[in-house]
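Accompanying notes for the structure given below.
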Amino acid sequence: MEEAAEELERLAGEIAEHDALYHGKDAPRISDAAYDELRKRNDAIEQRYPELVREDSPSHRVGAAPAEGFGKVVHKVPMLSLSNAFDDADVRDFCARVRRFLNLKEDETLAVTAEPKIDGLSAALRYEQGKFVLGATRGDGREGENVTENLKTIVDVPKTLKGKNIPDIVEIRGEVYMSHEDFAALNERQKAAGKPVFANPRNAAAGSLRQLDAKITASRPLRFFAYTWGEMSALPADTQAGVIDAFAKWGFAVNPLFRRCASVDELIAFYHEVEEGRAGLGYDIDGVVYKVDRLDWQNRLGFVSRSPRWAIAHKFPAEQAMTVLEKIEIQVGRTGKLTPVARLTPVTVGGVVVSNATLHNQDEIERLGVRPGDTVVVQRAGDVIPQIVRVVEDKPRGKKKFVFPETCPECGSHAVREVNPKTGKMDVDRRCTGGLVCPAQAVERLRHFVSRNAFDIEGLGEKQISAFYADGLIARPDDIFTLEARDKKSLKKLKDREGWGETSARNLFAAVDARREVDLDRFIFALGIRHVGETNARLLARSYGTLDNFEAQMRAAADREGEAWSELMSIDGVGEVLAEALTDFFDEPHNREVLAGLRKAGVEAVPLPAQETGSPIAGKTVVFTGSLERMTRSEAKARAEQMGAKVAGSVSAKTDLVVHGPGAGSKLAKAQELGIETITEDEWMEMAGA
Ligand code: IVH
């Protein structure tokens with residue numbers, strides 16, 4: 001009983017803290033699922049001990065993320081994001097890139113649509129035989145939450161589609177948002193009821209949509225603009241503009257500013273027009289989105305990483321404000337990088353309170369000439385970490401220059417700036433040389449390992465990891481997977497630790513167990529190898545197939561003269577810096593021990609499925625040589641990858657197929673010499689179904 005009361009007190013504090021971060025600062029620190037877990041735990045204890053329900057219990061509050069999770073919805077077509085353009089030149093580059101990819105003639109018009117980028121949250125609405133049947137949030141792009149009932153409360157979301165010839169399956173995607181007027185009125189009501197106010201309309205829209213009780217959502221006036229689609233059994237038109245027209249006819253709200261432009265100059269003129277009219281729109285937008293109009297071209301352009309090649313978001317300049325830099329602190333990252341962080345007198349920038357900004361590195365502090373005590377201009381753009389733009393020189397200046405430490409503030413090891421052997425230039429970052437002896441690096445590595453796009457272990461957040469690390473329970477990733485077995489034998493059980501109980505300990509063990517099998521790309525990403533982000537992890541997972549093969553090849557690649565090194569370097573997208581980071585990582589005994597430990601603990605990396613099953617080149621290595629005439633090189637590469645092949649830049653014994661166009665020289669000769677299958681561009685076009 002005493003333990004239950006303590007747990008409720010702790011949960012009330014912790015949930016209130018997350019609510020404040022979520023609503024007030026738009027900076028949630030834990031995943032929605034982890035948050036839901038906390039609320040669930042709170043509710044379960046309250047149900048058992050109703051007499052212990054606190055005055056400040058989270059269950060009395062609405063306006064926070066839901067008390068229980070929503071059902072999950074797997075998006076049949078992933079919900080991707082957009083890459084960004086920040087100035088006119090980026091927009092010109094975008095159009096030029098598209099033209100090059102499609103090999104358009106100079107006089108051929110590239111029609112591109114333009115529309116405002118709505119600052120809300122995206123949602124997918126599924127209609128079957130014209131009836132609204134399922135609505136979901138974006139989530140992580142692969143899987144969102146089922147918020148059907150909540151979406152039904154939105155006036156702009158038709159329950160039944162209007163008109164004729166509606167495809168059997170229609171999945172409309174667009175943005176849920178709240179108008180300025182409705183946002184102000186909602187906050188007035190929140191204030192009057194003594195409830196927390198929302199920092200901006202986007203947070204208010206997100207908080208309102210993600211209510212378990214759809215009646216609460218219904219009382220929050222949300223709106224919806226339709227701007228794209230997911231799964232469709234048929235498309236109503238063959239252009240972006242045509243499809244959007246059909247959406248309007250079916251009863252959706254589409255943005256009235258939507259325009260089809262015939263040149264880059266028109267796009268840029270549209271951007272400036274929208275920017276000028278922005279304040280009078282009545283809802284928040286954070287830029288303009290451009291999309292190639294012809295859908296057959298969109299298909300050919302396809303995707304790179306998580307964004308389409310056929311669209312781009314042209315962002316408005318960042319919002320700025322003035323404040324005082326109180327002090328500079330050093331944070332040590334997962335890779336040992338020392339990052340100076342500016343602690344600021346809190347200031348509101350574009351509706352969000354900012355109290356920290358990154359200073360990136362030593363050179364940046366010098367470039368800005370900034371000293372603690374200076375008044376500075378800070379800016380934030382979208383979800384980017386706030387930055388310091390400049391020192392305000394006519395305000396009183398700070399007295400003392402900041403001296404960048406040459407030792408790690410966490411472990412006292414030397415912190416050095418490496419010199420790149422090739423360029424002879426000093427690295428901009430200073431790094432701690434302490435490796436695993438440095439607690440910051442170890443904790444950061446562990447945090448990265450369990451993070452959402454890596455092993456994604458629920459209930460193992462920063463706080464828990466730091467505490468487990470401090471108590472010697474988890475020092476390396478593989479320790480996570482032996483925690484339960486060790487706990488069974490230990491006298492001091494996890495359930496008896498402060499802040500833990502029977503259920504939470506059981507939940508954690510279950511969450512760990514659920515991740516004994518993860519996709520190979522997540523596994524590789526989780527290792528925290530320098531320069532290996534999600535994209536490179538996927539590339540490596542596709543190229544090497546299995547974890548055993550990947551590890552063996554990376555170890556073999558330590559020999560720069562050997563085949564494994566040349567194979568690694570021949571992967572399109574792998575350069576020397578990445579290749580070296582990989583071989584260095586596997587050369588390090590500590591890292592190999594972690595991998596062995598993970599295997600021993602029964603952790604398995606699941607190979608990625610071939611991208612297109614049944615494709616004749618799935619899992620094969622293809623090389624393109626000579627000049628292709630019917631498809632650009634980038635398009636051919638993208639298509640081959642889509643068909644599950646690896647594309648290499650040079651021919652070796654590992655090559656399965658060489659596609660040759662006119663002018664093919666030594667690569668074709670080498671392929672013939674090695675007896676590798678070679679085909680012409682026409683044969684390739686047939687194989688690619690293009
Ligand atoms: S099109 C394949 N159009 O921006 C991506 N997105 O960074 C298709 N957004 O998650 C998205 N207004 O939430 C598109 N007019 C618009 C948009 C828009 C806002 C958001 C959307 C998306 C994010 C992409």
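Numbers for residues simply follow the sequence, beginning at 1. Every number for a ligand or one of its atoms is a count from 1 in the order of the listing.
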Worksheet item: Are Arg259 and Glu115 close enough for a salt bridge, meaning some N to O gap below 4.0 Å?
Response: no
Practice prompt. I would like to know whether Lys76 and Arg126 meet side chain to side chain contact (heavy atoms under 4.5 Å, CB included); could you show each step before the answer?
Written response: CA-CA 11 Å; Lys76 290 248 171 68; Arg126 185 180 173 92; 4.1 Å; yes
Worksheet item: Do Phe252 and Tyr127 have ring centres separated by under 6.0 Å?
Response: yes
Worksheet item: At what distance is the nearest protein heavy atom to atom 11 (C) of ligand 1, and which residue and atom is it?
Response: Tyr227 CE1, 4.0 Å
Worksheet entry | ligand 1 atoms in contact with Glu115 (distance to a heavy atom under 4.0 Å) | 15 (N)
Worksheet item: Would you say Lys117 has any N or O atom under 3.5 Å from an N or O of ligand 1, going by distance alone?
Response: yes
Discussion item. Measuring from non-hydrogen atoms of Lys291 to any atom of ligand 1, is the shortest distance under 4.0 Å?
Written reply: yes
Item to complete: Please report the shortest heavy-atom distance between Ile154 and Leu222, naming the atom on each side.
Response: CG2-O, 3.4 Å
Discussion item. Quick check: Trp310 and ligand 1, any N/O pair under 3.5 Å apart?
Written reply: no
Worksheet entry | Shortest protein heavy-atom distance from atom 12 (N) of ligand 1, along with the residue and atom involved | Ile118 N, 3.0 Å
Discussion item. Please state which option from Ala123, Pro78, Ser122 has its nearest heavy atom closest to atom 10 (O) of ligand 1.
Written reply: Ser122
Discussion item. Can you confirm whether Tyr227 sits close enough to Val254 that some side-chain heavy atom of one is under 4.5 Å from a side-chain heavy atom of the other?
Written reply: no
Discussion item. Quick check on side-chain contact (heavy atoms from CB on, under 4.5 Å): which of Thr339, Ile388, Val341 does Thr358 satisfy it with?
Written reply: Thr339
Item to complete: Decide, yes or no, whether a salt bridge links Arg294 with Asp238 under the criterion of side-chain N to carboxylate O below 4.0 Å.
Response: no
Response to the item:
Within 4.0 Å of some non-hydrogen atom of Glu175, the atoms of ligand 1 are 9 (N), 13 (O), 19 (C), 20 (C), 21 (C)
Worksheet item: Any heavy atom of Pro308 sitting closer than 4.0 Å to ligand 1?
Response: yes
Worksheet item: Is any NZ, NE, NH1 or NH2 atom of the basic residue among Glu641 and Lys637 found under 4.0 Å from an Asp or Glu carboxylate oxygen of the other?
Response: yes
Worksheet entry | N or O contact, Pro116 vs ligand 1, cut-off under 3.5 Å | yes
Worksheet item: At a 4.0 Å threshold, what atoms of ligand 1 neighbour a non-hydrogen atom of Leu80?
Response: 5 (C)
Worksheet entry | Shortest heavy-atom approach to atom 7 (O) of ligand 1 - which of Thr228, Leu82, Val289 | Leu82
